[in-house]
Chemist: 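One structure, pasted below without further comment.
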Amino acid sequence: PARGAISDRHSSPPDPDPAAMGSALPASPLPSFRELYAKHFAFTWRSLRYLGVESQQLDDAVQEVWVAAHRRLADFQGRSDIKTWLFGIALNVQRNLYRAERRHSSLVPLSGELRSSSPDPLLEREGREAWTLVMRFLGTLDDQRREVFVASLLEGLSPSETAEVCG
């Protein structure tokens, strides 16, 4: 080519080689925020609960996790699993709550008399799910085994009482 002319082979930079970029790209395309929320909401809720976030702060803490996830989703580079990333956000939220509690530790806690008398919705749901599993299991047993199971495990009869009642 003439001096100063640009040849075709130098007119545009080459496409980057994804293998050469290493882990900078996520292994698979990122899910939408809606998909991420639907799939991992329960995980973040449980994680915060297991990390010790009190039930009265739990809903707000979960919301903080998802606000942060929404804000930072575009920056997620896929260097870790999405659940690991969400757990890290949850851990930061929990730590921030604990720091705030230490700063405000001079506040007087509410008395137990002000607690709601309604049962915990999570415990209610878990109880219904557990009962559904028990009922399904009972449906698989023959009559004799069902009687023994109900008498001993559900009704708490002793082995001798169960034997006497069930024959």
Chemist: Are Glu64 and Val67 close enough that some pair of their side-chain heavy atoms sits under 4.5 Å apart?
Modeler: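 Glu64 does not reach Val67 side chain to side chain.
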Chemist: Using a 4.5 Å cut-off on heavy atoms from C-beta on, say whether the side chain of Asp59 contacts that of Trp45.
Modeler: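 A side-chain contact exists here, since the closest heavy-atom pair is under 4.5 Å.
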Chemist: Tell me who clusters with Leu157, hydrophobic residues only, linked when side chains sit under 4.5 Å apart either directly or through other members.
Modeler: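 Members alongside Leu157: Val165.
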Chemist: For residues Thr132 and Arg136, determine if any side-chain heavy atom of one lies less than 4.5 Å from a side-chain heavy atom of the other.
Modeler: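 When only atoms from C-beta onward are counted, Arg136 and Thr132 do touch, with a gap below 4.5 Å.
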Chemist: Between Leu91 and Tyr50, is there a shared hydrophobic cluster once you connect ILVMFWY residues whose side-chain heavy atoms come closer than 4.5 Å?
Modeler: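 In one cluster with Leu91: Tyr50, no.
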Chemist: What closest approach, in Å, do Ser55 and Arg49 show between heavy atoms, and which atom pair accounts for it?
Modeler: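 Smallest interatomic distance, heavy atoms only, reads N-NH1, 3.8 Å.
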Chemist: Tell me if the CD atom of Gln144 is crowded by more than 12 foreign heavy atoms within 6.0 Å.
Modeler: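 No.
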Chemist: By ring-ring contact (aromatic ring centres under 6.0 Å, His included), which residues pair with Phe33, not counting sequence neighbours?
Modeler: Trp66, His70
Chemist: Grab the two heavy atoms, one from Leu138 and one from Phe149, that are nearest each other, plus how far apart they are.
Modeler: CD2-CD2, 3.4 Å
Chemist: As an exercise, state the distance from NZ of Lys39 to CG of Leu86, rounded to the nearest 0.5 Å.
Modeler: 11.0 Å
Chemist: Side chains of Leu48 and Phe87: closer than 4.5 Å at any heavy-atom pair?
Modeler: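 No, every pair of side-chain atoms sits at 4.5 Å or beyond.
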Chemist: Looking at Glu124 and Pro121, would you say the former's side chain and the latter's main chain have a donor-acceptor pair under 3.5 Å?
Modeler: no
Chemist: Could you measure the distance from the CG atom of Leu97 to the CG atom of Asn92? Nearest 0.5 Å is fine.
Modeler: 11.0 Å
Chemist: What distance separates Ile89 CD1 from Arg71 CZ, expressed to the nearest 0.5 Å?
Modeler: 8.5 Å
Chemist: Does Arg72 use its side chain to pair, donor to acceptor, with the backbone of Phe76 at less than 3.5 Å?
Modeler: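 It does not hold such a pair.
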Chemist: With distance as the sole test, does Thr84 use its side chain to make a donor-acceptor pair with the main-chain N or O of Ser80 at under 3.5 Å?
Modeler: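 Such a contact is absent between Thr84 side chain and Ser80 backbone.
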Chemist: Salt bridge between Glu129 and Arg125, side-chain N to carboxylate O under 4.0 Å?
Modeler: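 Here Glu129 pairs with Arg125 in a salt bridge, since their nearest N and O are under 4.0 Å apart.
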Chemist: Other residues, nucleotides and ligands only: do more than 12 of their heavy atoms fall within 6.0 Å of CD on Glu161?
Modeler: yes
Chemist: Report yes or no: do Leu141 and Leu133 belong to one cluster of Ile/Leu/Val/Met/Phe/Trp/Tyr joined by side chain heavy-atom distances under 4.5 Å?
Modeler: no
Chemist: Rounded to the nearest 0.5 Å, what separation is found between the OG atom of Ser47 and the NZ atom of Lys83?
Modeler: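 Going from the OG atom of Ser47 to the NZ atom of Lys83 covers 8.0 Å.
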Chemist: Give, for atom CD1 of Ile82 and atom CG of Leu73, the distance between the pair rounded to the nearest 0.5 Å.
Modeler: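 Between atom CD1 of Ile82 and atom CG of Leu73 there are 6.0 Å.
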Chemist: For Tyr98 and Val93, indicate whether the former's side chain and the latter's backbone hold a donor-acceptor pair under 3.5 Å.
Modeler: no
Chemist: Could you report the tightest heavy-atom contact between Ala90 and Val65, atom names first, then the distance?
Modeler: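 It is CA-CG2, 3.6 Å.
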Chemist: Take the angle between the ring planes of Phe43 and His40 and call it parallel below 30°, perpendicular above 60°, tilted in between.
Modeler: perpendicular
Chemist: I need the minimum non-hydrogen distance between Val53 and Ala61, along with the two atoms involved.
Modeler: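 Where Val53 meets Ala61 most closely, the heavy atoms are CG1-CB, 4.1 Å.
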